[in-house]
Amino acid sequence: MSRKTLKSWQQLAAEAAAMDDLQINQLFADSSSRFEDYHLSHCGILFDYSKNRITDSVKAALLELASECNVAQWRDAMFAGDAINHTENRAVLHTALRSHRCPDAAVNQQVAQELEHIKRFSEQLRSGELSGYTGKPLLDIVCLGVGGSNLGPQMVTEALLKKPEDTVNLHYISTVDSVPLEQLLVTLNPETTLFIVSSKTFTTTETTLNAAAAKRWLLSQAPATALAQHFVAITVDTARAQAFGIAPAYCFKIWDWVGGRFSLWSAIGLPIAIGRGYQAFASLLAGAAAMDEHFASTDLDQNMPVMMALVGIWNTTFLNINTLAILPYDQSLAQLPAYLQQAEMESNGKSVNWQGEVIDYKTCPVLWGQTGINGQHAFYQLLHQGTHDVAADFIASAISCGETALHHQTLIANCFAQSQALMNGVSAAEVKADLVATGGSAETTERLAPHKVHPGNRPSNTLVLNTLDAYHLGAVIALYEHKIFVQGVIWEIYSFDQWGVQLGKLLAANMLEDVQSKQPVKQYDSSTNGLLNYLKSVSM
Ligand code: F6P
């Protein structure tokens, strides 16, 4: 039965159709308790969703939708380790990496063992006990991986302040473009460099090509035996990693029940423990575990991931707002938009339901964004006055990690002012009054007024972390993960596969031979033939 036949769905569709004149700021004028009624606070995170086009009856219908779609039962099935990733016949147990909810003792034991491995290895490396082939400490850690095997650790290490004791330098290489790796290697000393090859499959072209290049670089300057002290692998396929030459003690295990984009909690997070200390990694897990506990045990209407998911579904599916801007007001979270882009779009960017039927409603919005301050001087113009409706998540922290209060106060002022401006806009009457007050002539006022009007009524959420430390970062990432899960359940799509990505990988592999060959091609469409033949004419 299509989701569209549900009573709550039909009520929401009717509510959306009647929404044309609803102004968010009018909802505030009508209710002095709007913020009280439309925000939640858990795990050191405040989630304010009051600046959305949501009324009490919409909220009730959204909650009814969640219950008609059995969100609570699906959530329990995920935590229980049921094979809810049906298209790959796998359990989805990234939560077992950080909470103690997994009923499978074998899984818990594997997780504990690998966590101990991460702890031991990161502490020995940071203390200098683990060294390179000439006995020198390992100071530069080059992390090779792509997508879920790169974005999480990179985002987290950049988000967490480097302390004086964090003496190793982390470098992330994800692209198959050789330039970043080449440019980095000329600055490094093989005696003090460690490569971490992060690849769940250990077959991804980008990563294996970079790993092979790194190995050539090392062995051109060091004896073959050096490989054992300078390469780490994090993978499901440890046999393949060992065939590459990586020592068994330097192989870290992950499992097929950890999705790539949900894997930073596993050994894929090793660079975090190495770069920011094992305690920081443990705090990250603890923050995520707290959010797991909240998600698993809280009524739907008080449940932060559930409410966040419902607000998103309302905006995308019912109000037809097709994009979501992620706008952190913390420079350290610069990589968060890219991280969430993968998390959400690779999970829910699907158009076929559980029954294999094409879906006739909107699913995952297009996620994009960057740090709010830089965005203000780049694309906020479109947010305020463009023709597209854009929903936004503003993210800030209450207590700064910086030392200069004025800078943080200015950040916060900008963050809160922007969400307010997007909601309130500036009416023609206000613009005209302002122009007149500043001495504008009648002609100038009439001419300029339309250009200065801000329609407002743009929806946004605001998340305030108590502070941007490992614990709160873990909690906020887990919040988004569970939001994605709830949305997948309601949209009736499988959130844990990524067949769309596999297609591109396959086609690129097939085309490589034609790129390498000097022979002109004619077997593709005329555009692809034209591009390949032009490339050959210029480069060969
Ligand atoms: O981008 C597709 C994807 O399969 C991601 O889900 C995954 O995180 C990434 O490729 C890397 O894959 P692997 O870890 O196997 O190298």
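Computed over heavy atoms, backbone and side chain alike; hydrogens, waters and symmetry mates excluded. When a ligand or atom number is given, it counts from 1 through the structure's own listing order. Remember, predicted model here, so these are calculated numbers, not experimental data.
The N/O atoms of Thr207, backbone and side chain alike, include none that comes under 3.5 Å of an N/O atom in ligand 1. Note: an N/O pair closer than 3.5 Å links Thr201 and ligand 1 by distance alone.
A ring-centre distance under 6.0 Å is not found for Tyr339 and Tyr480. Centroid-to-centroid, the aromatic rings of Phe379 and Trp368 come within less than 6.0 Å. Annotation: Tyr494 is in aromatic contact with His86 [ring centroid separation under 6.0 Å].
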ring-ring contact (aromatic ring centres under 6.0 Å, His included) evaluation trace for Tyr361 with Phe318 = CA-CA 9 Å; Tyr361 46 82; Phe318 293 97; 8.5 Å; no

key: Worked check of ring-ring contact (aromatic ring centres under 6.0 Å, His included) between Trp255 and Trp265   = CA-CA 12 Å; Trp255 308 273; Trp265 322 101; over 10 Å; no

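Distances shorter than 4.0 angstrom do not occur between any heavy atom of Gln502 and any atom of ligand 1. The shortest heavy-atom distance from Lys505 to ligand 1 is under 4.0 Å.
Annotation for ligand 1: atoms under 4.0 Å from non-hydrogen atoms of Gly260 are 8 (O). When each atom of ligand 1 is checked for a heavy atom of Thr204 under 4.0 Å away, the hits are 12 (O), 13 (P), 15 (O), 16 (O). Of all atoms in ligand 1, listed by their number and element, those nearer than 4.0 Å to a heavy atom of Ser149 are 8 (O), 13 (P), 14 (O). Residue Gln342 has at least one heavy-atom neighbour below 4.0 Å for each of these atoms of ligand 1: 5 (C), 6 (O), 8 (O).
Counting only heavy atoms of the protein, atom 2 (C) of ligand 1 lies nearest to Val501 CG1, 3.2 Å. For atom 11 (C) of ligand 1, the closest non-hydrogen atom of the protein is Val146 O, 3.3 Å. Protein heavy atom closest to atom 8 (O) of ligand 1, with residue, atom name and distance, is Gly148 N, 2.7 Å.
Lys215 forms a cation-pi arrangement with Phe244, by the criterion of a distance under 6.0 Å to the ring centre and an angle within 45° of the ring axis. At least one cation-pi condition fails for Arg90 and Trp257: the charged atom is not both under 6.0 angstrom from the six-membered ring centre and inside a 45 degree cone around its axis.
Which of Lys200, Glu346, Arg261 comes nearest to atom 6 (O) of ligand 1 through a heavy atom is settled by distance: it is Glu346.
Counting only N and O atoms by type, the side chains of His482 and Asp292 include a donor and acceptor under 3.5 Å apart.
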